[in-house]
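Take a look at the structure below.
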Amino acid sequence: MSSYLTDVQGAESIPYRFERTHAALEISQLFGEVQPGESTGHTVSVAGRVMLLRVQGKVAFAKLVDSSGSIQLFVQHGVTDGFERFCKLSLGDWIGARGEVMRTRRGELSIKVVDFVVLAKAEASFGDKWKGISDPDIRWRQREVDLWSSKTSRNTLFKRFEMERLTRQWLFDQGFVEVETPILHQVAGGALAKPFVTHHNALGEDLYLRIAPELYLKRLVVGGFEKVFEIGRVFRNEGLSPRHNPEFTMLELYEAYADYTDMMSLTEELIAYLSIQLSDGPVVSYQGRELKLAPPWRRVTLLELVEEKLGSAVDLSMPLEELRSLSRKAGVRVEEWWGPGKIVLEIYEQLIESELWGPVFVCDYPEEVSPLARAHRSKPAMTERFEAIVAGRELANAFSELGDPIEQRKRFERQLSMRARGDEEAMSMDESYIRALEHGLPPTAGLGIGMDRLAMLLTDTSNIREVIAFPTLRKTPD
RNA sequence: GCGCCUCUAGCUCAACGGCAGAGCAACGGACUCUUAAUCCGCAGGUUGGGGGUUCGAAUCCCCCGGGGCGCACCA
C-alpha cells in the first residue's frame, strides 16, 4: 500500500499488481456493528468492479463488486485524491480503492475512499443495470458477461465445480485413487456412441476422442489399482439439446472384489451426500417437483417394469414373434434384426423411463444390450447391471464387470455383426482390452455418472449449458 | 437431421400494414449522504441478412443465418 498511480489515461498507467487487504464480504462481517454516521479509523484496500455510480456534486457513491459480494465506496471532493476522475469511471471498470471503513448517515456500510487506481477499463457494457443480459445468444456466446451480470448463473456454475470437488473428496475418503487415462483412443470403446475422429500426423493414423474411459480404467484394475476413479471429459458425436453437450464430464469408478449391489449403495450414498452438502438436505426440488434422495432408493427390475407396463408376462426366452407383437401393440416399432433383449430395452426406454421420477435403481439388463457387463448369477440372458433413474433420466449406469476374456471376445464379435447390420453405435473389437483381461480381472464392479446431468439436478436447471462454463455452440456467423 | 417459436438502439423492451419509440447505458450540464439517486440537455437504427407482395412492410410471404423449445439420438 505504498504508492498509488493516479493517472488513468491509457493502459500504461494500469499497475501490474494491487495489494488488497479485504474482500467486500469480510468488511461487512468485521464492521457490521458500526453505527450510521460513525467512522472506524480502520483503513482497508479493496478491489473489484464499479457496478453502480451515483455522482452528486461534490460527493459520489459507487457499488464495488468482487467475488465475495459488494461494498459501497463513498467518495468526496477534498477527501478522495482524484475525485473528478472517479466520477468519470464507467460501469464495469475494475478499480482498487483504499480508505477508511465507515457507515453513511443513511446507514450503508462504506469505504471513505482516500485514493484509488484503475485496474481495467470496461469498454463494453454489461447490459441493463437492473435487468442485465437475458438474450440467450449473448449469454452463451459471451459467457463471461452472463457470469458477471447474473448471480444465478455464477452460483449455478460454482455449485457444479463445488460438486466435483466434493465428489473427489468423498471418493478419497472411501479409499479410491484418482487416475487419468488417455483421451486419444485407437479404438473408441466402453460405451455405445459415435465418436469424433481426429488425426495424428507423425503416426499417420486416425485417432478417436474417447467416448468413455471404461476400458482403460479396468486395465488399471488388472494392473493392481483396486479402487480407481476418473472424472474426465468424454466426447460423443451427437446432436445438441438442452440435455446434451458433445463434450461432457463423466465420473467412472471401479472397485475390485465388489459387485453391482455395492455400486447401488455407493451411488445412493454419494448422491445423498452431495445433495446435503450443496442444498439444505437430501430432499431437493427439481423443476417444481420434490425429489427425495436419501437412501435407500427403490430397486426394481427392468423386466418387472416392462411387464407392468404391458400388462402381461414377458420373458427373454419367449418366442421372438410373440415379443415383437407385444411391442408393436404397445406402440414401439421393432427393427428386424433386434433380439429379445433389444426389444425389451426399447419398450422400457420409450414408454417407461421418462415416467420414472425416482430415484430408482432399474436392475438387470439383457446381455444383448450390455456387452461389457457380467452375466447375471441366476437369471439367464441377463446381466448384473443397473441404471439409476432420477427425474425421468438416466443418472448412473453400473454393473458387475465381465472379466472373462473369451466371453468378452464373443460379446465384441456380436457387436461387430450389429455394426455390420448398420448400427453405427455398436462397439468395435478391442484386442488390447481382451489381452488385459487374459491377465486376470478380479471380480470388479464399475459405475459411471454423468456429472453435468447430476449438476443440473442439484442446481435445479433444465438446460445443460447452465452447468457448463463454455458450452458447445454453432460457429458464429460472419 | 426434422418441426414450432424467436431475432427492433450497447442492454431490456414497445410499436403488429400507415412518420421506428421508451427506460437504462453512453455523451454534455446541475447537485456535499445516495441506494436502479434525481433533474435538464444531446445523441443513438440497413428493425439478423437477402428477395418478394403492397400506394406503403419492423409488421404479410419465400430463402439464408443465429438462438430457444420439442422430436430423433444419447448421458
Side-chain angles (χ1 to χ4, degrees), chain A residues 36-37 51-63 70-80 83 87-92 102-110 112 122-142 145-146 149-150 190-195 211-212 233-252 345-346 349-350 353-354 387-398 423-425 447-457 462-465 467 471 473-478:
Chain A
M51 291 313 286
L52 289 174
L53 182 59
R54 297 179 284 272
V55 179
Q56 193 163 341
K58 295 290 198 293
V59 68
F61 302 88
K63 181 182 181 186
S70 66
I71 182 79
Q72 178 167 269
L73 301 181
F74 178 67
V75 182
Q76 200 169 13
H77 180 75
V79 172
T80 305
F83 174 78
C87 295
K88 287 186 175 156
L89 289 172
S90 302
L91 300 190
M102 49 89 74
R103 195 179 287 279
T104 61
R105 277 179 235 150
R106 294 289 285 271
E108 178 94 12
L109 191 66
S110 307
K112 192 176 199 172
E123 303 296 341
S125 138
F126 282 94
D128 189 285
K129 71 181 175 188
W130 187 239
K131 294 187 173 175
I133 302 280
S134 60
D135 182 350
D137 203 354
I138 299 177
R139 287 194 58 207
W140 306 130
R141 287 193 190 281
Q142 296 170 241
V145 176
D146 173 48
S149 55
S150 162
L192 303 169
K194 278 171 270 183
I211 56 175
R233 208 64 64 82
V234 297
F235 308 84
R236 298 191 183 174
N237 210 337
E238 288 151 4
L240 292 83
S241 91
R243 285 164 296 281
H244 299 84
N245 199 64
E247 51 177 309
F248 62 100
T249 302
M250 185 108 109
L251 161 66
E252 281 201 15
L345 183 68
E346 282 294 320
E349 286 184 346
Q350 289 187 34
E353 184 177 293
S354 64
E387 291 190 351
I389 305 299
V390 184
R393 290 201 287 268
E394 176 189 344
L395 191 72
N397 182 15
D423 187 347
E424 283 184 85
E425 295 181 347
L447 166 71
I449 294 179
M451 296 302 267
D452 311 79
R453 293 270 178 90
L454 179 57
M456 289 169 70
L457 205 68
S462 59
N463 190 329
I464 197 167
R465 291 174 168 174
V467 298
L473 297 170
R474 215 176 284 267
K475 192 166 65 180
T476 320
D478 302 322

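Side chains are part of it too, since the values below use all heavy atoms of this structure and drop only hydrogens, waters and symmetry mates. Chain identifiers are assigned alphabetically (A, B, ...) following the order of the sequence lines, protein sequences preceding nucleic acid strands; residue numbering begins at 1 within each chain.
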Quick one: label A:Gly37 by what it contacts on the DNA or RNA (base, sugar-phosphate, nothing), any heavy atom closer than 4.0 Å. nothing
note: A:Leu53, atom CG; B:rU35, atom P; distance rounded to Å ~ 14 Å
Protein-to-nucleotide contact annotation, 5' to 3' order, nucleotides 43-49 of chain B [B base; S sugar-phosphate only; - none; under 4.0 Å, heavy atom]: -------
Which heavy atom in A:Pro246 sits nearest to a heavy atom in A:Leu240, and how many Å separate them? CD-CG, 4.1 Å
Side-chain H-bond candidate by donor/acceptor type, A:Arg54 with A:Gln72, under 3.5 Å: yes
Does any part of the side chain of A:Glu247, heavy atoms only, come nearer than 4.5 Å to the side chain of A:Val234, both counted from C-beta? no
Start at the 5' end of RNA chain B and walk down; is the nucleotide closest to A:Glu349 or to A:Leu473 reached first? A:Leu473
Rounded interatomic separation in angstrom, taking CZ from A:Phe61 and C1' from B:rU35: 9 Å
Kindly determine whether A:Gln76 and A:Lys112 satisfy side-chain contact (heavy atoms from CB on, under 4.5 Å), including the steps that lead there. CA-CA 8 Å; A:Gln76 200 169 13; A:Lys112 192 176 199 172; 3.5 Å; yes
Whole-angstrom distance between B:rC69 and B:rA26, as gauged at atom C1': 35 Å
Any A:Ser125 side-chain nitrogen or oxygen under 4.0 Å from OP1 or OP2 of B:rA25: no
OP1 or OP2 of B:rU35 under 4.0 Å from side-chain N/O of A:Gln72: no
Expressed as a whole number of Å, how far does the P atom of B:rG44 sit from that of B:rG10? 12 Å
Whole-angstrom distance between B:rU32 and B:rC19, as gauged at atom C1': 46 Å
Less than 4.5 Å apart, side chain to side chain, heavy atoms only: is that true for A:Leu457 and A:Leu395? yes
Give A:Ile449 one of three labels, base, sugar-phosphate or nothing, depending on what nucleic acid heavy atoms sit under 4.0 Å from its own. nothing
Mind checking what makes side-chain contact (heavy atoms from CB on, under 4.5 Å) contact with A:Arg243, not counting sequence neighbours? A:Ser241, A:Arg393, A:Arg453, A:Met456
With A:Glu346 via salt bridge (Lys or Arg N to Asp or Glu O under 4.0 Å) - residues at least two apart: A:Lys342
Measure the distance from CG on A:Leu240 to C1' on B:rC73 and round it to the nearest whole Å. 12 Å
Phosphate-side-chain proximity, A:Arg54 and B:rU38, N/O vs OP1/OP2 below 4.0 Å: no
Distance between the P atoms of B:rG41 and B:rG23, in whole angstroms? 11 Å
Could you tell me the separation between the CD1 atom of A:Ile138 and the C1' atom of B:rC13, rounded to a whole number of Å? 14 Å
From B:rA36, B:rG67, B:rC33, pick the nucleotide closest to the side chain of A:Trp140? B:rG67
What I want to check is whether an N or O donor and acceptor connect the side chain of A:Glu108 with the base of B:rU35 at under 3.5 Å. yes
Nearest-nucleotide wise, let me know which of A:Ser462 and A:Pro246 is further upstream toward the 5' end of RNA chain B. A:Ser462
Side-chain N or O of A:Lys129 less than 4.0 angstrom from OP1 or OP2 on B:rA36? no
Whole angstroms only, please: what is the CG-C1' distance between A:Asp137 and B:rC7? 9 Å
Close side-chain approach of A:Asn237 and A:Pro195, heavy atoms under 4.5 Å: no
What's the closest nucleotide to the side chain of A:Arg243 if the choices are B:rA26, B:rA36, B:rG70? B:rG70
Checking B:rU32, B:rU12, B:rG66 against the side chain of A:Arg141 (C-beta onward), the nearest is B:rG66
Roughly, in whole Å, what's the span from CD1 in A:Ile133 to C1' in B:rA9? 14 Å
Integer angstrom distance from the C1' of B:rG70 to that of B:rA14: 29 Å
Parallel, tilted or perpendicular: which one describes the rings of A:His77 and A:Phe83, with boundaries at 30° and 60°? perpendicular
What nucleic acid atoms does A:Phe126 come within less than 4.0 Å of, heavy atoms only: base, sugar-phosphate, or nothing? nothing
Examine B:rC13: is either OP1 or OP2 under 4.0 Å from a nitrogen or oxygen in the side chain of A:Ser134? Give yes or no. yes
Is any side-chain heavy atom of A:Phe61 less than 4.5 Å from a side-chain heavy atom of A:Leu73? no
B:rG17 and B:rA25, which share atom name C1', separated by this distance in whole Å: 33 Å
Between B:rA26, B:rU32, B:rC73, which nucleotide gets closest to the side-chain atoms of A:Leu91? B:rA26
Once you round it to whole Å, what is the distance between P of B:rG70 and CG of A:Asn463? 9 Å
Note on RNA chain B: ranges paired as stems (three or more Watson-Crick/G-U pairs in a row, both atom distances under 3.5 Å) are B:1-7 with B:65-71, B:10-13 with B:21-24, B:27-30 with B:38-41, B:48-52 with B:60-64
When all nucleic acid strands are considered with a 4.0 Å heavy-atom cut-off, which category describes A:Asn245: base, sugar-phosphate, or nothing? base
In whole Å, what separates the P atom of B:rC61 from that of B:rU53? 15 Å
Can you name the side chain to side chain donor-acceptor pair (under 3.5 Å) partners of A:Glu387, sequence neighbours left out? A:Tyr365, A:Arg385
Considering only heavy atoms and no angle criterion, is a donor-acceptor pair shorter than 3.5 Å present between the side chain of A:Asp128 and the base of B:rG23? yes
Between B:rU8 and B:rU59 - P atom distance, rounded Å: 13 Å
Checking all strands, does A:Gly127 fall into the base, sugar-phosphate, or nothing category for heavy-atom contacts under 4.0 angstrom? sugar-phosphate
With sequence neighbours excluded, tell me which residues meet side chain to side chain donor-acceptor pair (under 3.5 Å) with A:Asp146. A:Arg139, A:Arg143, A:Ser153
Output the single nucleotide from B:rA72, B:rU35, B:rA37 whose closest atom is nearest the side chain of A:Ser241. B:rA72
In whole angstrom, what separates A:Arg474's CZ from B:rG65's P? 8 Å
